[in-house]
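Each remark here refers to the structure printed beneath this line.
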Amino acid sequence: ARIEQDGIATDLKMVEYLAREFSHRSNWDVRLSKTMFELLVPNDFKSIIRNQNNMVWKMDEYSAQFPWEMFHDYTSIDNARNETPTFVNTGMIRQLLTDKYRNNPIMAEENKAFVVGDPDYTDSGFSQLSGAEREAIEVTRLLNDNKFQVTSLIRRNAQDIITDLYSEQYRVMHFAAHGLYQDEEVNGEVRKKVGIVLGKDLILEPGMINQLSYVPEFIFINCCYSIDMTGLDEKYYKGRSNLAANIGTQLIKMGVKAVVAAGWAVNDAAAHTFSTELYRKLFDGYEFGDAVLSARRKCYDNHPDNNTWGAYQCYGDHYYKL
């Protein structure tokens with residue numbers, strides 16, 4: 001009959017700094033996870049996480065930037081190194097608190113899917129992503145096997161991607177590509193340039209997806225990692241948790257029922273494990289929250305040496321079914 005509320009007296013600039021540190025690391029730092037847990041969760045609520053019950057986290061756009069999925073608590077640092085991360089054992093789904101949203105969105109109803117994998121990055125300064133290509137091929141196969149008509153665009157140019165995007169209505173969209181989050185000066189004003197990189201100076205921003213007349217039901221955005229990274233890539237990889245938060249929240253406002261977005265550059269093999277396990281569970285009839293938890297567990301079990309299992313920010317209804 002009530003919702004309890006508490007506050008914290010933390011310097012959020014310090015927490016923002018620590019969140020940025022997460023986005024640059026490929027391995028799980030249990031001390032950093034513990035520090036974020038202590039700083040951001042009110043003391044009276046910490047027992048909720050310690051009890052490891054499934055939960056929905058309702059957040060505004062500012063708090064969406066923090067890597068809540070990586071939080072962990074322990075009593076001893078010596079024991080912690082052998083413990084399974086909290087949200088590999090516990091289901092966690094995000095929901096956005098907002099007063100800005102599309103009224104009465106028209107949802108796409110036909111079983112059609114749109115898959116983009118490793119766009120043509122010739123002369124763009126971005127490296128090609130062989131892992132993204134493999135992922136898109138496997139996701140396309142899974143969708144075809146489950147009676148979806150798939151428009152699959154792998155190593156294709158931006159023109160092909162954009163024209164096919166707006167030519168049909170799609171229930172499911174999957175992107176495996178580079179992502180961009182940077183400041184851009186326009187007419188003396190600084191704005192954030194955020195989106196999926198399709199080619200040289202060509203970015204698919206959330207606002208462009210919002211122009212679709214028919215709203216997709218499910219969108220998965222995977223920002224994969226390449227060992228052959230250039231200095232240009234490194235610059236664009238800053239603030240990655242903000243990239244996922246911005247794209248995720250914009251798509252939820254648009255009316256998408258479930259969104260999965262990578263908060264930083266994920267390991268190719270681990271990303272493939274997470275995405276394919278998630279789709280398999282969804283097509284087996286699992287609810288969204290259970291499918292996400294299963295994908296995190298399998299990703300952690302198969303790839304324990306990196307933190308890709310915690311990189312995905314998952315928005316929607318825990319009980320949503322594809």
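In this structure S130 satisfies the side-chain contact (heavy atoms from CB on, under 4.5 Å) test together with R134, sequence neighbours excluded. Checked against ring pair (Phe, Tyr, Trp, His ring centres under 6.0 Å), F87 has no partners two or more places apart in sequence or in another chain. Partners of E83 under the side chain to side chain donor-acceptor pair (under 3.5 Å) rule, at least two apart in sequence or in another chain, are H72. For E138, the salt bridge (Lys or Arg N to Asp or Glu O under 4.0 Å) partners are R141, R280, not counting sequence neighbours. By the salt bridge (Lys or Arg N to Asp or Glu O under 4.0 Å) test, K257 is found to be paired with no residue, residues two or more places apart in sequence or in another chain being considered. T35 pairs by the side chain to side chain donor-acceptor pair (under 3.5 Å) definition with nothing, not counting sequence neighbours. Residues satisfying the salt bridge (Lys or Arg N to Asp or Glu O under 4.0 Å) criterion with D160, sequence neighbours excluded, are R156. Evaluation of the side chain to side chain donor-acceptor pair (under 3.5 Å) rule for H272 yields no partner, not counting sequence neighbours. Residues that satisfy the side chain to side chain donor-acceptor pair (under 3.5 Å) test with Q159, not counting sequence neighbours, are absent from this structure.
If you look at Y312 and F220, their ring centroids are closer than 6.0 Å. Aromatic pair F218/H174: ring centres not closer than 6.0 Å.
Applying the salt bridge (charged side-chain N to carboxylate O under 4.0 Å, His left out) definition to pairs two or more places apart or across chains, those involving residues 164-178 are K112-E168, R171-E217. Legend: salt bridge (charged side-chain N to carboxylate O under 4.0 Å, His left out) pairs involving residues 121-130, not counting sequence neighbours: none detected. Listed by first and then second residue, the salt bridge (charged side-chain N to carboxylate O under 4.0 Å, His left out) pairs that reach into residues 26-50 are R25-D29, D29-R31, K34-E38, K34-D73, E38-K46, R50-D73, sequence neighbours excluded.
The closest side-chain heavy-atom distance from E110 to Q169 is below 4.5 Å.
Atom CG of L293 sits about 9.0 Å away from atom CD1 of I93, to the nearest 0.5 Å.
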- Message: Evaluate M55 against I48 for side-chain contact (heavy atoms from CB on, under 4.5 Å), listing each step before the verdict.
- Response: CA-CA 9 Å; M55 60 189 73; I48 297 173; 4.1 Å; yes

- Report the C-alpha distance between E16 and Y62 in whole Å, list the side-chain angles of each, state the deciding distance to 0.1 Å, and finish with yes or no for side-chain hydrogen bond (donor to acceptor under 3.5 Å, both in side chains). CA-CA 10 Å; E16 289 175 10; Y62 175 76; 2.5 Å; yes

- Task: Give the C-alpha distance, both sets of side-chain angles, the deciding distance and a yes or no for side-chain hydrogen bond (donor to acceptor under 3.5 Å, both in side chains) between Q149 and N111.
- Result: CA-CA 6 Å; Q149 179 183 333; N111 273 5; over 6 Å; no

- Give the C-alpha distance, both sets of side-chain angles, the deciding distance and a yes or no for side-chain hydrogen bond (donor to acceptor under 3.5 Å, both in side chains) between H303 and T273. CA-CA 9 Å; H303 313 276; T273 298; 2.8 Å; yes

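Each of I219, V172, V150, L153 was evaluated against F114; a single residue qualifies, L153, per the side-chain contact (heavy atoms from CB on, under 4.5 Å) test.
A tilted orientation is assigned to the rings of W68 and F71, their planes being inclined by 30° to 60°.
A donor atom on one side chain and an acceptor atom on the other are not found under 3.5 Å apart for N210 and Q250.
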